[in-house]
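Note that the structure is predicted; figures quoted are calculated from it, not measured.
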Amino acid sequence: MQAEDSNPPDGGYGWVVVVSAFMVMGLTVAVLKTFGLFFVEIQQHFDGLASTTSWITSVTIAIFHLGAPVASSLCARYTHRAVVITGGLLAFSGMALGFFGFNMVWMYVTTGFLQGLGISFSWTPAISIVSHYFSKKRALANAIASAGECAFAFTFGPFFQWLISQYGWKGALLIIGGIQLNICIGGALMRPLASSCLLEAHHSETRTPPGKSASRTDKEDKSPITHKTFNWMLLKRPEFVLYAIFGILAAMSFFVPPLFLVPFSYSLGIDESWTASLLSILAMVDFAGRLLCGWYANLHVTKTIHLLVMTITLISTSLMLLPLANNYVSLAIFTGFYGFFFGTTVAIHITVLADVVGMPEFDSALGLFMLIRSSGGFVGPPLAGNLFSINHISVTCFSPGLIVDMAGDYRAGFYMAGATLILSAGFLVTLDQLQQRKERESQTSTKLEKSTLSYPSLHLLKHNNRSY
């Protein structure tokens, strides 16, 4: 097999895949991010608490993550294209069935479970295949693909608000489900890449052994990898575990602002039309943050994990400041800061994962990372129980709305999110220190091996001189 066949194309048809992933991101995560517009409508319709209503989004986020290992395994067994198309059909089903809105449990199953599974089956393969098509430009390609959710969310904010006003929240769900069928078109454009870096690990196992013909090995190398097993042993690698813990804490925080920004603005007396514009501002600065951070990361000036630590610190600071807003202007400014730094974080966190585990294990790592991170949507830290003295509640499931209900103020959710992100940054610093220590040990080991190899040669030279 030619050398260039086993390397990522880093361009060419890869850019078509990036555009397809851009569309898939927009029709999945952007819908989830702007679902806050339905929050008040659904809460009033069923006359429920904020915690009860927010479980719809919590279930969606949890299933989005829990379904990732299944999606990764299906990608290895079949193709990324087939899984994305399946995800599009599931997402449509969730929204279309949610149209009936019989009760809150029905909403959990449809717009929660089915929609979450559809997003998982669409998002996971889309982001994975982009990483396989690119190597040197991976950070930039991932940033462009992920920016799709911002570009779509920018228009989805006012568009969803208009749909709700014209057709009600049930009619809006049905129309949005029809729009999500376009995920299938994006998936159809994701051409399978047989000769990608997926083959690197396979090549090491199929090198021609002594006495075996080269033609047989070539035949094996050229076959697509469709039976690559899911690697659960990544859970024994401390680097991956540390990054997964960071993911849990980050997941607990990332979806709080989109969920509570709308009701928080209502509590400040801001008009509905202006509130919808906040989501557009959030999407616009998020879009700019992703592209700028992806471009900067592509320059390889700063180590990606160091860049991630900086963005996490800045996003947590912005979340702590956001509740200080008391009118539309101040809320828009703080929302803009949060959106920009959120964009920079999302642009590189998948690239950092690839750097931590390496591309041969990336698909398994992505699925496991999403699975573990799902607990961020369901499991609350002990801090939540201690802070609000919830001694009688078993901390086995987490809903941001619970803290809001107990505190009686939406600001509590933002403070919790900021504090949790600060904690997550500590695990990134620990991971970086561990990687640096292993690099130093590797360098020391290499120097010792070189000195050991050179010593026998020097000893042999002295022995020869004595013989003369």
Side-chain angles (χ1 to χ4, degrees), residues 29 33 139-140 142-144 146-147 149-150 153-154 242-261 264 278-325 329-353 355-356 369 373 376 381 383 400 410-433 435:
V29 185
K33 288 178 67 175
L140 180 60
N142 279 327
I144 294 173
S146 68
E149 67 181 76
C150 313
F154 179 73
L242 285 171
Y243 197 72
I245 295 174
F246 153 74
I248 293 173
L249 298 174
M252 292 177 59
S253 308
F254 283 169
F255 287 95
V256 169
L259 183 62
F260 291 117
L261 184 61
F264 177 59
L278 287 175
L279 296 178
S280 295
I281 292 173
L282 186 65
M284 183 173 59
V285 294
D286 186 357
F287 182 82
R290 294 183 193 226
L291 294 183
L292 285 175
C293 189
W295 168 79
Y296 179 77
N298 199 58
L299 297 177
H300 303 288
V301 175
T302 306
K303 194 175 179 181
T304 52
I305 192 170
H306 294 166
L307 190 59
L308 185 58
V309 171
M310 289 188 288
T311 61
I312 286 292
T313 304
L314 291 170
I315 194 177
S316 62
T317 303
S318 64
L319 279 174
M320 290 292 194
L321 294 174
L322 193 145
L324 300 178
V329 175
S330 58
L331 185 59
I333 291 173
F334 288 131
T335 299
F337 278 118
Y338 162 77
F340 181 83
F341 295 127
F342 175 83
T344 59
T345 301
V346 174
I348 58 172
H349 82 289
I350 295 298
T351 303
V352 173
L353 176 62
D355 293 340
V356 170
F369 178 71
R373 201 173 72 172
L383 176 63
Y410 288 108
R411 291 180 176 87
F414 294 104
Y415 287 133
M416 184 218 70
T420 306
L421 278 175
I422 292 175
L423 181 62
S424 73
F427 286 93
L428 287 178
V429 173
T430 304
L431 170 60
D432 180 52
Q433 293 296 320
Q435 287 182 318

Exercise: identify the closest heavy-atom pair between His306 and Thr302 = CB-CG2, 4.0 Å
The reported gap from OG1 in Thr311 to CG in Leu308 (rounded to nearest 0.5 angstrom) is 4.5 Å
Test Cys150 against every option in Val29, Leu282, Asp286, Val285 by the side-chain contact (heavy atoms from CB on, under 4.5 Å) rule and name the one that passes.
-> Asp286
Given side chain to side chain contact (heavy atoms under 4.5 Å, CB included), test Phe340 with Leu292 step by step and report yes or no.
-> CA-CA 10 Å; Phe340 181 83; Leu292 285 175; 4.0 Å; yes
Kindly indicate whether the side chain of Tyr338, heavy atoms from C-beta on, has any atom under 4.5 Å from the side chain of Leu261.
-> no
Residues two or more places apart in sequence or in another chain: which of them pass side-chain contact (heavy atoms from CB on, under 4.5 Å) with Cys293?
-> Leu307, Thr344, Ala347, Ile348
Phe337/Phe334 aromatic ring centres below 6.0 Å = no
What heavy-atom pair brings Ala139 and Ala297 nearest, and what distance separates the two atoms?
-> CB-CB, 3.9 Å
Worked check of side chain to side chain contact (heavy atoms under 4.5 Å, CB included) between Leu249 and Phe427 = CA-CA 10 Å; Leu249 298 174; Phe427 286 93; 3.8 Å; yes
To the nearest 0.5 Å, what is the distance between CD1 (Ile422) and CD1 (Ile315)?
-> 11.5 Å
Supply the atom-to-atom distance Ile248 CD1 to Phe369 CZ, rounded to the nearest 0.5 angstrom.
-> 9.0 Å
Supply the atom-to-atom distance Leu291 CG to Ile144 CD1, rounded to the nearest 0.5 angstrom.
-> 6.5 Å
Return the minimal non-hydrogen interatomic distance between Leu319 and Ala417, and the atom names on each side.
-> CD1-CB, 3.8 Å
Minimal non-hydrogen separation, Met320 against Tyr415, with atom names = O-CE2, 3.5 Å
Straight-line distance of Asp432 CG to Ile305 CD1, nearest 0.5 Å | 5.0 Å
Any side-chain heavy-atom pair from Phe341 and Met310 closer than 4.5 angstrom?
-> no
Separation of Leu314 CG from Thr345 OG1 (nearest 0.5 Å) = 8.0 Å
Compare every heavy atom of Ile281 with every heavy atom of Gly336, then report the nearest pair and how far apart it is.
-> CA-CG2, 4.4 Å
Below 6.0 angstrom between ring centroids: does that apply to Phe264 and Phe414?
-> yes
Over all atoms of both residues, closest heavy-atom pair of Ala250 and Leu421 | CA-CD2, 3.9 Å
